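This report refers to the structure that appears directly beneath it.
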Amino acid sequence: MTAEALAEAMGLAVFCPGREREVTSGWCGDLLSKVMVSAPAGCAWLTVMTNVSVAAVAVLCDAACVILAQGARPDEALLARAQSEKIPLFGTDDDVFTAAVRLGKLLFG
């Protein structure tokens with residue numbers, strides 16, 4: 001499923017459409033150093049972090065997209081970096097667990 005199709009299926013807010021990427025898994029985490037070494041390439045990364053470091057970590061771990069949970073909204077620096085790096089950046093009012101369950105059902109049935 002592409003990041004764009006995922007956003008549509010989950011009813012996510014689109015902060016930055018980014019480039020078309022295939023989402024192959026999910027990953028939840030807010031400790032950026034742990035995400036950098038553990039998040040699989042192609043994942044939809046769920047987080048509540050909203051600063052510019054999120055974009056750097058998304059690039060380093062090759063995340064297919066970033067989903068900001070719990071109503072979090074990107075700060076200006078994150079939004080600008082997501083646009084320049086073409087990172088699909090989405091948002092949901094769901095808590096991380098609920099969003100992860102929804103993501104899992106879409107990806108794996």
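None of the values given here were measured: they were computed from a predicted structure.
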Closest non-hydrogen atom pair between Thr47 and Met49, with its separation: OG1-N, 3.0 Å
Are Val35 and Val48 co-members of a hydrophobic cluster defined by side-chain heavy atoms under 4.5 Å apart? no
Show the nearest heavy-atom pair for residues Ala64 and Ala3, with the distance to one decimal. O-CB, 4.1 Å
Between Asp95 (side chain) and Gln70 (backbone), is there a donor-acceptor pair under 3.5 Å? no
Measure the CG-CG distance between Asp94 and Leu103 for me, rounded to the nearest 0.5 Å. 11.0 Å
Less than 4.5 Å apart, any side-chain heavy atom of Phe15 and any of Leu79? yes
Quick check against the 3.5 Å criterion: does Ser38 have a side-chain atom that pairs as donor or acceptor with the backbone of Lys34? yes
If only atom types and distance count, is the side chain of Trp45 paired as donor or acceptor with the main-chain N or O of Gly29 below 3.5 Å? yes
What I'd like to find out is whether the side chain of Cys16 reaches to under 4.5 Å of the side chain of Gln83, using heavy atoms alone. yes
Qualifying residues under side chain to side chain contact (heavy atoms under 4.5 Å, CB included), relative to Glu85, sequence neighbours excluded: Val59, Arg81, Ile87
Contact between Ile67 and Thr92 at the side-chain level, heavy atoms closer than 4.5 Å - yes or no? yes
Is there a continuous path of hydrophobic side-chain contacts, each under 4.5 Å between heavy atoms, that joins Val57 to Leu78? yes
Could you go through the side chain to side chain donor-acceptor pair (under 3.5 Å) check for Thr50 and Asp75 one step at a time? CA-CA 6 Å; Thr50 60; Asp75 67 15; 5.2 Å; no
As an exercise, state the distance from CE of Met36 to CG of Leu31, rounded to the nearest 0.5 Å. 8.5 Å
Following the transitive rule for hydrophobic clusters with a side-chain heavy-atom cut-off under 4.5 Å over Ile, Leu, Val, Met, Phe, Trp and Tyr, establish whether Phe108 and Val23 coincide in one cluster. yes
If we only count heavy atoms from C-beta on, is the Leu68 to Pro74 side-chain gap below 4.5 Å? yes
Hydrophobic cluster membership, Leu46 vs Leu107, 4.5 Å side-chain cutoff: yes
Closest non-hydrogen atoms of Ser25 and Pro40, given as atom of the first, atom of the second and distance, are OG-CG, 3.3 Å
Donor-acceptor contacts, no H, no angles, side chain residues 4-13, under 3.5 Å, sequence neighbours left out:
none

Neighbour count above 12 (heavy atom, 6.0 Å) for Arg19 CZ: yes
Which atom pair, heavy atoms only, marks the closest approach of Ala55 to Ala82? CB-N, 4.4 Å
Sequence neighbours excluded, every pair satisfying salt bridge (Lys or Arg N to Asp or Glu O under 4.0 Å) that has a member inside residues 48-66: Arg21-Asp62
Side-chain heavy atoms nearer than 4.5 Å, only ILVMFWY residues, links allowed to pass through others: does that put Phe90 and Phe97 together? no
